[in-house]
Amino acid sequence: MSRIPDAFIDDLIARTDIVEVVNARVPLKRQGREYAACCPFHDERSPSFTVSPVKQFYHCFGCGAHGTAIGFLMEYDRLEFLDAIEELARIAGMEVPRETRQNNRDGDIDAMFGALESARNFYRRELAGSATARAYLDNRGMDEAVREQFGIGYAPEGFSALKDRLGTDERRLRLLEKTGMLSRNDRGHVYDKFRDRVMFPIADRRGRTIAFGGRVMGKDDGPKYLNSPETPLFHKGRELYGLWQARQANRELTRLIVVEGYMDVIALFQHGITQAVATLGTATTPDHAELLFRSAPDVYFCFDGDAAGRRAAVKAMESVLPRMRDGRQAFFLFVPEGEDPDSLVRAEGADGFDARLARATPLSEFFFDSVGEDINLGTLDGKARLAERAAPQLAKIPDGAFADLMRQRLTELTGVGARPQAAASPPPRPTGRPGSAPRRSLVRTAIILLLHRPTLALDLPESYRFTALRQPGIPLLTELLAVVHGRPDITTGALIEHFSGRDEADALQKLATISLPGEEDAWRAEFLDIIARLDRQTLDQRVEELLERIAGGGFSALSAAEKDELRQLQAARRSP
């Protein structure tokens, strides 16, 4: 995959008004030199989400979300990296380098989207001509409006209907096979994967068809549901059926209801419950959980009440726990035996189904019921076992009120974690000067200054003595200087974007949010002084190395060049 040139990304970020991009999705209010709002990525009452037009990045002091305009579109609009780049380029009137776009699209990606859209249109036309398929949908109570909303179609009988219609040449055949619409047997014969099934297009987060699900109309016609295989466009563990439609139907999603099948989603939509989604033949994955909570603060998991449904609920719970930041809620609804959301909403209506959701089991209660199954809490052994089972799971919950309350509940049930009463101890004696704050390291301060004003690096030569200094942060500082020298017009946002996906990214983002006192001239003087002091420390470090070798093996332990180096270094140390 070809990487988008750094120069293009720098230019794109420089031309993009991040305030305009964010404000179009989240209303911002000016606060001094920055803008603020309640964070769109977690539930909060007072604004902790800030956008800096100077530094060209956003940061939430509550949940830690941060990034450039590129990252914001990826998180808020759920776009892939290249899609976010193309969207910003469109706004800025820029053209993504053609070679880069083609290479990143894997050559056939755009054509694959086109082939799947053609298949969708083909199935829609076939439904219009199939009295049997239309009668089946009529009997299921699926009206024309919801069929149109979800693009429902029909795959006709026979082994080559789609192939004959769309596979007009070798390239088209290859695309259809690559998208999972055709299958190949052991003898190499290619045939339609979906035959005599009602077809459900699966949309990505931009509404493009990326796969299909097919349902038989008779009881004895093979597997009830058949999904597209994994393809370059479709990864079932990352997608949710109905999410595109839910976003289109709701100006703001306050909840999502996770059900098990296509028909459940459509039945709920038809009865006015337009927040239903379904996993695609797989258990709830961590990617599903993250996508759910990025889309809505409250998530309801709806499962069968049998043993299989309970196991599926436990899997969902395990995926959800590490994502339970404050403001998020999860609930579990178990439907009666022999029922599903489709049958329940038809029998009880939207009000009846909403009443069931209101009685759903909260995650906290379901968690302790699950881990406490078959445990007798009337014994010390039972309490110890519950604590042993629960502790590893609770450790996965992000720090916050929910994590504290869950640990508190474990203590209430088991006594584990309770602290004995102790005599009050005198407060610790203060150390240092009154009101003194811990001093930042020189390296950390240099990085902060550089993040606030990348052009400070241009005041230094491209070779630095301090790179040999054995201190934390030196490699990062060296790389930051090199990036700025290579890209002299780089902004703060673009500089942080350079480290996107690396361990250093979060730390750099936090350092960039620190307010610096004084004016830029003072920053420059401080920065140059720090570099001089780091160079001095490097000189001292090298002298100590050479003196240690002399102490261990005498002056003869050094080569002639090293002896000369030591004399020069000692002379340099004596100079002011």
Side-chain angles (χ1 to χ4, degrees), residues 1 105-137 140 147 150-204 208-241 260-263 265-266 278-283 285 287 308:
M1 180 175 288
R105 287 296 191 194
D106 191 27
D108 285 340
I109 294 296
D110 287 334
M112 290 169 69
F113 279 119
L116 288 168
E117 186 61 23
S118 296
R120 181 181 184 273
N121 293 335
F122 171 73
Y123 293 140
R124 289 286 290 154
R125 290 192 298 269
E126 290 297 314
L127 176 62
S130 172
T132 302
R134 293 199 313 275
Y136 171 80
L137 296 178
R140 295 297 301 264
R147 295 181 201 181
F150 283 85
I152 308 302
Y154 170 67
E157 295 181 280
F159 283 86
S160 62
L162 179 72
K163 176 186 171 185
D164 292 343
R165 180 66 62 89
L166 300 182
T168 53
D169 55 42
E170 283 300 320
R171 181 173 182 271
R172 296 283 289 179
L173 283 172
R174 180 174 59 80
L175 285 171
L176 289 171
E177 191 172 357
K178 195 172 182 179
T179 56
M181 302 309 298
L182 302 179
S183 295
R184 184 183 296 269
N185 64 19
D186 294 339
R187 292 178 292 177
H189 293 161
V190 177
Y191 55 92
D192 290 0
K193 182 177 183 64
F194 298 98
R195 304 179 302 280
D196 194 23
R197 289 176 180 265
V198 172
M199 298 298 290
F200 301 85
I202 300 166
D204 68 5
R208 300 172 297 188
T209 302
I210 55 174
F212 287 89
R215 192 195 193 286
V216 296
M217 293 177 287
K219 294 183 178 179
D220 302 318
D221 296 335
K224 181 190 288 189
Y225 285 103
L226 183 64
N227 290 329
S228 293
E230 300 260 323
T231 71
L233 302 184
F234 177 57
H235 304 277
K236 62 184 179 181
R238 302 179 194 168
E239 304 294 340
L240 292 166
Y241 179 73
E260 295 190 73
Y262 304 108
M263 295 301 294
V265 171
I266 292 171
T279 55
L280 296 159
T282 183
T285 66
D287 283 336

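Atom CZ in R165 sits 11.5 Å away from atom CG in N121 (nearest 0.5 Å). The OH atom of Y191 lies 6.0 Å from the CG atom of N185; values are rounded to the nearest 0.5 Å. Distance check, rounded to the nearest 0.5 Å: CG of D204 to CG of L240 gives 12.5 Å. Taking CE of M199 as the reference point, atom OG of S228 lies at 6.5 Å (rounded to 0.5 Å).
Taking R120 as the reference, E117, P201, T209, F212 meet the side-chain contact (heavy atoms from CB on, under 4.5 Å) condition, with sequence neighbours excluded. For Y241, the ring-ring contact (aromatic ring centres under 6.0 Å, His included) partners two or more places apart in sequence, or in a different chain, are F150, Y262. Residues satisfying the side-chain contact (heavy atoms from CB on, under 4.5 Å) test with R172, not counting sequence neighbours, are S118, L166, T168, D169. Annotation: side-chain contact (heavy atoms from CB on, under 4.5 Å) contacts of A161 (sequence neighbours excluded): F122, P156, D192. Residues meeting the salt bridge (Lys or Arg N to Asp or Glu O under 4.0 Å) test with R174, sequence neighbours left out: D108.
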Side-chain donor-acceptor contacts of residues 124-132 below 3.5 Å, not counting sequence neighbours, with atom names and distances?
residue, atom, partner, partner atom, Å
R124, NH1, I152, O, 2.7
R124, NH2, E148, OE1, 2.5
S130, OG, A133, N, 3.1

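Side-chain atoms of F113 and L233, non-hydrogen and from C-beta on, do get closer than 4.5 Å to each other. Side-chain contact between H235 and E230: present, with at least one pair of heavy atoms (C-beta onward) separated by less than 4.5 Å. For the pair Y154/R134, no side-chain contact is recorded, criterion being any heavy-atom separation below 4.5 Å from C-beta on. F159 places a side-chain heavy atom less than 4.5 Å from the side chain of R195. Between K193 and L226 there is a side-chain heavy-atom pair separated by less than 4.5 Å. A 4.5 Å side-chain heavy-atom check between F200 and I266 finds at least one atom pair inside the cut-off.
Of all the heavy atoms in L116 and A211, the pair that sits closest is CD1-N, 4.3 Å. Residues A119 and M181 share a closest heavy-atom pair of CB-CE, 4.3 Å. For I109 against P232, the heavy-atom pair with the smallest separation is CD1-CB, 4.1 Å. The nearest pair of heavy atoms linking Y136 to V216 is OH-O, 4.1 Å. Scanning all heavy atoms of the two residues, the minimum distance from A111 to L175 falls at CB-CD1, 3.7 Å. The minimum heavy-atom distance linking N227 with G213 is given by the pair OD1-CA, 3.6 Å.
Other residues, nucleotides and ligands contribute at most 12 non-hydrogen atoms within 6.0 Å of the CZ atom of R238.
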Just do the side-chain contact (heavy atoms from CB on, under 4.5 Å) check on Y225 and M263 with the steps written out, would you? CA-CA 11 Å; Y225 285 103; M263 295 301 294; 3.4 Å; yes
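With hydrogens and angles disregarded, a donor-acceptor distance shorter than 3.5 Å links the side chain of T231 to the backbone of F234. The backbone N or O of T282 lies less than 3.5 Å from no partner atom in the side chain of K236, so there is not a single donor-acceptor pair.
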